[in-house]
> 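Pasting a structure here, questions to come.
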There are 2 protein chains.
Amino acid sequence: MVRLTKKIEYALMALKYISDECDKIVTAKQISENLNIPNQLLAKILQKLKKEKILESVQGIKGGYKLGKKLNEISLSFLIETIEGDMGIVDCLKTDRQGECCQTDSCNIKDPINQVQTEIYKVLKNKMVSDFV
Amino acid sequence: MVRLTKKIEYALMALKYISDECDKIVTAKQISENLNIPNQLLAKILQKLKKEKILESVQGIKGGYKLGKKLNEISLSFLIETIEGDMGIVDCLKTDRQGECCQTDSCNIKDPINQVQTEIYKVLKNKMVSDFV
DNA sequence: TTAAAATACGACTTTTTAGGTCTTATTTTG
DNA sequence: CAAAATAAGACCTAAAAAGTCGTATTTTAA
Ligand code: SF4
Ligand code: SF4
């Protein structure tokens, strides 16, 4: 299943929304209502984006989020890693589950699989969030 | 989650195995034991490959499988579609679930998402099973 | 002609992940 | 101090991936 998760889509939609409000500070609620995204879920996504400085946040009643980086500096691969953790199209290429594959010994396709991953990542690395705006 | 499923990996491993046995007929059991793949699961994967003529099968006690196509004629994208059905990196791009996305109306990233899909597919379409051997 | 060993098929169960919710704390403004 | 926002983590639910079971059918050879 080569798919983008909803979280990634929500992040992209939100970043585009925030970008459109150029420098005004926007709340999670405002975004979730306008884009029809579950509020709490979006909130947690935005928090992750903040941790990686993709967004800056202001707490308190007048608070909200604004961009912390330029959209053309955020690659899709970085966004995915920010939200989902280290990538890896198969078990043996995920840092957090090396050795979990029962086929490691009998596996006869490790190297070419690695190549596929490299090529897919190249696409994701060259695709910037600014391409979504 | 940009990942290959186990089924896809099993299919690739099996195809490589069969290819190595050049024209000898091999049984599902033989493959599953040599590659350490769950037998019944592999059996069903091989059946799907047969339906798309990637493999040819012989029933009965002396039966088994052999290649039905040359490995350099089978793209990774075709293999994925054979096993998992029509691809689509997001709901609105999957033929079997158009209209299931609650954000279709508010969505502001449809076109660029489509582009990402095109680029990923290009990779999968140009990658042939022969590249795994 | 029948037992054995293979493919063929569909229903089912289990495990894992994605998607979403709830609760509580903290921060900041008016 | 109340209201409205972010922050954080536990929790629940639904869907998908991974694997199993049961049974039918096909073919060979004793
Ligand atoms: S089957 Fe091979 S390629 Fe796939 S995860 Fe296991 S070792 Fe890696
Ligand atoms: S959010 Fe937009 S891109 Fe994603 S599935 Fe819905 S309509 Fe398609």
> When you measure from the side chain of B:Asn36 to the backbone of A:Cys102, do you find a donor-acceptor pair of N or O atoms at a distance under 3.5 Å?
yes
> Kindly point out which of C:dG19, D:dG19, C:dA6 is positioned nearest to the side chain of B:Thr27?
C:dA6
> Hey, does B:Ala43 reach any base, or is it just sugar-phosphate, or nothing, if we go heavy atoms under 4.0 Å?
nothing
> Let me know the distance between CZ of B:Arg3 and C1' of D:dA17, rounded to the nearest Å.
11 Å
> Rounding to a whole Å, what distance do you find between A:Leu4:CG and C:dT17:C1'?
16 Å
> Roughly how many Å is it from CG in A:Leu42 to C1' in C:dT21, rounded to a whole number?
14 Å
> Between B:Lys29 and B:Cys102, which is nearer to the 5' end of DNA chain C once each is assigned its nearest nucleotide?
B:Lys29
> I need the minimum non-hydrogen distance between A:Tyr65 and A:Ala43, along with the two atoms involved.
OH-O, 4.2 Å
> Would you please confirm or rule out a distance under 4.0 Å between OP1 or OP2 of D:dA7 and any side-chain N or O of A:Tyr65?
yes
> Is the phosphate of C:dG19, meaning OP1 or OP2, less than 4.0 Å from a side-chain N or O of A:Tyr10?
no
> So does A:Lys6 have more than 12 non-hydrogen atoms from other groups sitting under 6.0 Å from NZ?
yes
> Enumerate the protein-to-nucleotides 26-30 of chain C contacts in which both atoms are nitrogen or oxygen and the separation is below 3.5 Å.
unit_1	atom_1	unit_2	atom_2	d
C:dT27	O4'	A:Gln59	OE1	3.3
C:dT27	O3'	A:Gln59	OE1	3.4
C:dT27	O2	A:Gly60	N	3.3
C:dT28	O2	A:Ile61	N	3.4

> Take the protein atom CD of B:Gln103 and the nucleotide atom C1' of C:dG19, then report the distance between them rounded to whole Å.
11 Å
> Is A:Tyr10 reaching over with its side chain to a backbone N or O of A:Thr5, donor-acceptor style, under 3.5 angstrom?
no
> Determine whether more than 12 heavy atoms belonging to other residues, nucleotides or ligands lie under 6.0 Å from atom NZ of A:Lys94.
yes
> Measure the distance from CD on B:Glu84 to C1' on D:dA17 and round it to the nearest whole Å.
9 Å
> Tell me if the NZ atom of B:Lys110 is crowded by more than 12 foreign heavy atoms within 6.0 Å.
yes
> Check whether more than 12 heavy atoms from other residues, nucleotides or ligands sit under 6.0 Å from atom NZ of B:Lys69, and answer yes or no.
yes
> Nearest-nucleotide wise, let me know which of B:Leu41 and B:Glu100 is further upstream toward the 5' end of DNA chain D.
B:Glu100
> Please enumerate all protein N or O atoms sitting under 3.5 Å from an N or O of nucleotides 8-15 of chain D, with distances to 0.1 Å.
unit_1	atom_1	unit_2	atom_2	d
D:dA10	N6	A:Lys44	NZ	2.9

> Answer yes or no: is there an ion pair linking B:Asp91 with A:Arg3, defined by an N-O contact shorter than 4.0 Å?
yes
> Could you tell me whether the phosphate oxygens of C:dA6, OP1 or OP2, come under 4.0 Å of any side-chain nitrogen or oxygen in B:Ser57?
no
> Does a side chain donor of either B:Ser32 or B:Asn39 reach within less than 3.5 Å of an acceptor in the other side chain?
yes
> Atom NZ of B:Lys48 and atom C1' of D:dA18: how far apart are they, to the nearest Å?
12 Å
> Does D:dA7 have OP1 or OP2 under 4.0 Å away from a side-chain N or O of A:Lys50?
yes
> In this structure, how many angstroms lie between the C1' atom of D:dA5 and the CG atom of A:Asn39, rounded?
11 Å
> Which residue, A:Lys125, A:Lys127, A:Lys122, forms the salt bridge (Lys or Arg N to Asp or Glu O under 4.0 Å) with B:Glu119?
A:Lys127
> Which whole-number value in Å describes the distance from A:Ile45 CD1 to D:dA7 P?
14 Å
